[in-house]
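What follows is one structure encoded as structure tokens, with my remarks underneath.
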Amino acid sequence: MNAAPDCPCGSKTSFSACCEPYITGQAAAPTAEALMRARYTSYATGKIDFIEKTHAPESRADFDRKASEKWARDSSWKGLAVVATKDGGPADSTGVVSFVAGFSQGGKDYEHHEIATFRKEGANWLFVDGKSPKPETVVNTGPDVGRNDPCHCGSGKKFKKCHGH
């Protein structure tokens with residue numbers, strides 16, 4: 001006898017015991033993270049109705065169903081990693097989930113990084129907004145090269161005569 005397949009969201013539990021009850025409407029996701037995992041699984045399984053249904057009313061106008069269907073259909077879904085969560089528990093009214101969704105298209109691998117905001121209305125969590133994380137700023141902590149210092153490239157010339165134009 002074969003075991004039930006693992007849920008695409010990466011929870012290591014079966015699809016029927018994890019995201020399926022939320023996607024089919026048999027149960028409400030208890031946390032923002034559970035809803036986010038079910039939304040990923042919806043893309044992986046092509047269940048775009050669930051994606052549309054779980055958008056907050058104010059964000060539904062931004063939802064492009066045809067593009068979502070195409071993305072779901074044309075992608076091979078590689079996995080989901082939850083990076084961080086803030087609030088979003090059963091007793092909370094809002095939550096934020098940062099995640100990375102892996103997928104491939106045309107033989108090339110991609111990662112979708114997002115910080116998603118959720119709101120609870122009644123018993124149901126809804127997706128409000130998603131933003132890309134800001135890249136980290138790199139700060140040079142070493143001393144600045146002076147015009148008369150040797151050039152960093154090793155040419156032996158002064159910086160101003162080499163790379164300091």
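We number each residue from 1, following the sequence as shown. This structure is a prediction, so every number in the text was calculated from the model and none was measured.
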Nearest heavy atoms of A72 and I48, plus distance in Å | CB-CD1, 3.8 Å
Of all heavy-atom pairs between V100 and V83, which one has the smallest distance, and what is that distance?
-> CG2-CG2, 3.8 Å
Atom of Y40, atom of G102 and distance for their closest heavy-atom approach = OH-O, 3.7 Å
Measure the CD-OG distance between E20 and S14 for me, rounded to the nearest 0.5 Å.
-> 8.5 Å
Taking the side chain as C-beta and beyond, is there a heavy-atom pair between P8 and T45 under 4.5 Å?
-> yes
Separation between OG of S68 and CG of D49, rounded to the nearest 0.5 Å | 11.5 Å
Only counting residues at least two apart or in another chain, list the ones meeting ring pair (Phe, Tyr, Trp, His ring centres under 6.0 Å) with F127.
-> H55, F118
Flag yes if V128 and F50 sit in one hydrophobic cluster, no otherwise; membership is Ile, Leu, Val, Met, Phe, Trp, Tyr, and two members link when side-chain heavy atoms are under 4.5 Å apart.
-> no
State, to 0.1 Å, how close W125 and G95 come at their nearest heavy-atom pair, and which atoms those are.
-> CZ3-N, 3.9 Å
Are the side chain of R37 and the backbone of C18 linked by a donor-acceptor contact shorter than 3.5 Å?
-> no
Rounded distance [0.5 Å steps], CD in E111 versus NZ in K78 | 12.0 Å
T31 meets the side chain to side chain contact (heavy atoms under 4.5 Å, CB included) criterion, sequence neighbours left out, with E33, A34, P90
For residues 66-75, which residue pairs qualify under salt bridge (charged side-chain N to carboxylate O under 4.0 Å, His left out), counting only residues two or more places apart or in two chains?
-> R65-E69, K70-D74
Correct closest heavy-atom pair for F63 and E52 would be CE2-CB, 3.6 Å
Can you pull the side-chain hydrogen bond (donor to acceptor under 3.5 Å, both in side chains) pairs that have at least one residue in residues 81-91, sequence neighbours excluded?
-> none
Roughly how far apart are D62 CG and R60 CZ, rounded to 0.5 Å?
-> 12.0 Å
Test side chain to side chain donor-acceptor pair (under 3.5 Å) applied to S76 - qualifying residues, sequence neighbours left out | none
Return the set of residues passing side chain to side chain donor-acceptor pair (under 3.5 Å) with K131 (not counting sequence neighbours), or none when no residue passes.
-> D129
H113: what forms a ring pair (Phe, Tyr, Trp, His ring centres under 6.0 Å) with it, not counting sequence neighbours?
-> none
Test side-chain contact (heavy atoms from CB on, under 4.5 Å) applied to S104 and D109, step by step | CA-CA 4 Å; S104 65; D109 290 338; 3.2 Å; yes
Side-chain touch S75/Y43, heavy atoms, less than 4.5 angstrom = no
Non-neighbouring partners of Y22 that pass ring pair (Phe, Tyr, Trp, His ring centres under 6.0 Å), sequence neighbours left out | none
Would a 4.5 Å heavy-atom cut-off, applied to side chains only, mark T13 and D6 as touching?
-> no
Residue set satisfying ring pair (Phe, Tyr, Trp, His ring centres under 6.0 Å) with F99, at least two apart, ordered chain then number -> none
For residues A28 and N124, report the shortest heavy-atom separation together with the two atoms involved.
-> CB-OD1, 3.5 Å
Would you say the ring centroid of W71 lies under 6.0 angstrom from that of H112?
-> yes
Set of side chain to side chain donor-acceptor pair (under 3.5 Å) partners for T94, sequence neighbours left out | none
Hey, what else clusters with V96 if you join Ile, Leu, Val, Met, Phe, Trp, Tyr whenever side-chain heavy atoms sit under 4.5 Å?
-> I115
Would you please name every residue forming a side chain to side chain donor-acceptor pair (under 3.5 Å) with E121, sequence neighbours left out?
-> R119
Please test M36 against L80 for side-chain contact (heavy atoms from CB on, under 4.5 Å), starting from the C-alpha separation and ending with a verdict.
-> CA-CA 10 Å; M36 190 277 310; L80 175 71; 3.9 Å; yes
Ignoring hydrogens and geometry, is there a side-chain-to-backbone donor-acceptor pair from T54 to I51 under 3.5 Å?
-> yes
